[in-house]
Amino acid sequence: MKSTTTLCWATAGLPLTAAVTIAEINGNKYISPLSGQAVTGVTGLVTAKGPSGVWIRSTTPDDDPATSEALYVFSTTVGANLTVGDIISVDGKVTEYRANAAYQYLTELGSPRNVKVLSKGNPVAALVIGKDTTPPPTVQYSSLDGGDVYATPGGAANTSSENPVLKPTQYGLDFWESLSGELVTVRKPTVIGRPNNYRDTWVVGDWAVTGRSAHGSLTMSDKDSNPEAIIIGSPLDGTKNPTTSRLGDIAEDITGVVTHTFGYYTILPLTALKTSVAATAAAPPSTLRSTTDCRGLTVGDYNVENLAPTSAHLPKVAAHIVSTLKTPDLLLVQEIQDDSGPTDNGVVTANATLTALASAIRALSNVTYAFASVDPVSDQDGGQPGGNIRQAYLYRAEVLQLDGGGVPGGAGDAVQVLPGPQLSFNPGRIEPASEAWEASRKPVVAAWRARGAQRPFFTVNVHWSSKGGGTTLHGDARPPVNGAVGKRVQQAEVTGAFIAQILKEDPAAAVIAAGDFNEFAFVGPMKRFSDISGLVDLDEAAGIPVPERYTYTYDMNTQALDHMYVSPSIANSKTTKYQHLHVNSWASNADVVSDHDPSVALFNVCGC
Ligand SMILES: *[C@@H]1O[C@H](CO)[C@@H](O)[C@H](O)[C@H]1NC(C)=O
Ligand SMILES: *[C@@H]1O[C@H](CO)[C@@H](O)[C@H](O)[C@H]1NC(C)=O
Ligand SMILES: *[C@@H]1O[C@H](CO)[C@@H](O)[C@H](O)[C@H]1NC(C)=O
Ligand SMILES: *[C@@H]1O[C@H](CO)[C@@H](O)[C@H](O)[C@H]1NC(C)=O
C-alpha cells in the first residue's frame, strides 16, 4: 500500500476501506495493518479531548485483548464541536507517527473529516488498570529482548520492523500498546521518582509489582527492569503536574489516556497529579561506627556531581558527609572538578576544591580530612567541558595513612603492583595510556595503612564511562542500546586485571574497588569485572535485600550505578557491613544535592 502515501489527499481518489472498526485499525501488532490507508465510518465514543485531537473508544469492540479499542484522532480543530460522551463517525487516514527514530510509533487517525455526531451524552467510564484490564506484566518488556533488556548487543532488532503480535499478559510494552488511546484509571498511584524537567512523573498503581523497595520505588534486578510502571505526562486540561513530588508519595487516583510520547508509553492525565500522602525525604543516617583503627574502618563512597570550589551544593555535600555518612575514616569521591571548575583554562589541580570541601566538613564537625588524588591531563577525561573531573580520596590521618608515605604518580604514570604487594605510585592511575580510558576517568589506586594494621589494604576509586547514547527501555530498539557498554567492558578488563595482580601477590589482601561504575551489577561489564578481578559485589556479600540496592533513580527504576566490590578476605569477614544512604533519591528536585546517593561500609583491614 506504499503508493497511497504518494497520492494527494485533497485531490486524489484514495483507495477507501469502508467502515472499519477501531480494533481493525489497531490490529494485534504494533504497526497498524491499515497504516497509510484511508478509512471511513470509524465509529467511537469520545472519551477525552486534548489540544491536538480527541480520543475515541470503539462502540463495537472485538474480544481480542491484543487489539486496542481506542484511537487518537489527530487534528487541532476536530474537537471544537465535540463533547466527551459524543458517539461519532469519522473518516480519515491511518497514520503511524513518531517524533524521533528511536521511539515507538503511535497509531493515529489523521486528517479527520466527515465528522458526524451520532448521539450525545453517553456515559464514559475509564478502564481501571488491573481491574477492567489484566494487570501490567512485571518482568519482561518485549518478546524481542531475548529475556533480558540488558542483553548485548542492544539494538539487534527494531519493534517497528519486527512488528510482533502483542502478548499483553506477558510483555509490558505489549500491555501498554494494547491500551493505546484508552481512557484508563490508575488507582492509588505511588510516585516512584522525581518529576523530570517537563514535570512528567513515573508511578505504579495498586496492581501487583516486583522489586518494590521499602520506600516505595521499584528497583531493577537481573532480568527485571519493571515494565509495570508508567509515566504521567502533561495534563490534558492545561494544568501542570507538581515539580515537588518525591519518591514514595501516594497520589490521588489518576485518569487519563494512554499514548506514546517522548519515547515512552505515557498516560496523559485529564488533570494534574495531586499528592495525597507525602513520603518522608529524611534519609536515616549511617549507623556504622568506626573503631578508629584497622578493626572497624568506615569507608564512604559518593559521586558529588561536578563539585567545584564555588559550587552552591558544596556545603550540602559536606553536611551529608557529616550528618548522614558520619564522617567515615576514608571517603572515595567522584566528580571533583579542578580549582577553576568548568572554566576551560588548562588548570587541572583540585587542591582548592578539596580544601573547600574539607574546610566545610571541619566547620560542621571538627573532623579534619587530608586528601589525595592524581591531577588528570586537561580535557582528556570526559565529563563537563573544562571541569577535569577526577576521583579523589579524603581520609582521617589519625586513623589511616597512605602506605609508605605516599609518592603520587603523575597523570601519565601507570601505577604498578610491586612485590609485597605494594604500589609503585601511591596514589597512581591504572594504565592511563590505555584506549579503554579515552575521554574517560582513569581509576585512582591507593595503598593504605590503618592504625594497628599488619599489612596495607588497597582501594581502587573508579568512574567508568556513562550510559550516554543509549536508548530507553520503552524505545524501538530491542533490546535497548546500553550506551558505551563496549567501553565499560574494556574498562572492566583493565581495572580487573590490575586488581588480580594484587590478589596474585597476596590472595588475602584487603582490596576495595568502589565508585561510579555506571553499570548494574547483573550486566556484562560488572560480571566481567568480578570474574577478572576476583572481587565480589558487596551488596551480595553484605546481604543487602535486592530491592534496597540502589544509589540512583532513572526513569521508572531505582538502581545501583555505584558499587563497592571487595576481595574475599573482606567479603568473608564478620565485621563487614554496608549501607546505602538515600539522601538524594528520596529528595524533591529542589533538595537534590547530587544525582547519586552515597554509601558507607565497615571493614576489618588489619590484615591478620
Ligand atoms: C463547528 O460548528 C460551527 C457551527 O456549526 C461551524 O461553523 C464550524 O465549522 C465547526 N467546526 C468544525 C471544526 O467542525
Ligand atoms: C533500527 O532503527 C534505527 C533507526 O531507524 C536504524 O538506525 C537501525 O539500523 C535499525 N536497526 C535494525 C536492527 O534494523
Ligand atoms: C596542590 O597539591 C599538590 C600536591 O599535594 C602540590 O604539589 C601543589 O603545589 C598544590 N598546588 C597548589 C596550587 O596549591
Ligand atoms: C569544634 O571545636 C571547638 C573547640 O573545641 C568547639 O568550640 C566547637 O563547638 C566544636 N564544633 C563542633 C561542630 O563540634
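All ligand and atom numbering here is 1-based and tracks the order in the structure. Residues take their numbers from the sequence shown, with the count starting at 1. This structure is a prediction, so every number in the text was calculated from the model and none was measured.
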* **Step-by-step side chain to side chain donor-acceptor pair (under 3.5 Å) determination, Thr219 to Thr558** => CA-CA 4 Å; Thr219 302; Thr558 39; 2.8 Å; yes
* To do: Go through the steps for Tyr30 and Asp174 under the test side chain to side chain donor-acceptor pair (under 3.5 Å), then give the verdict.
  => CA-CA 8 Å; Tyr30 282 83; Asp174 294 10; 2.4 Å; yes
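For Tyr565 and Phe529, the ring centers sit closer than 6.0 Å to each other.
Annotation: atom 8 (C) of ligand 2 to nearest protein heavy atom, Asn158 ND2, 3.7 Å. Considering only non-hydrogen protein atoms, atom 5 (O) of ligand 2 sits nearest to Ala101 CB, 4.0 Å.
At least one heavy atom of Ala156 sits less than 4.0 Å from an atom of ligand 2. Note on ligand 2: Gly155 sits in its first shell, one or more heavy atoms being nearer than 4.0 Å.
The closest side-chain donor-acceptor pair between Asp224 and Thr210 falls under 3.5 angstrom.
Of the protein's heavy atoms, at least one falls inside 4.0 Å of atom 11 (N) of ligand 2. Closer than 4.0 Å to atom 14 (O) of ligand 2 lies at least one heavy atom of the protein.
Looking at Glu519 and Lys467, a side-chain N of the basic residue comes within less than 4.0 Å of a carboxylate O on the acidic one, giving a salt bridge.
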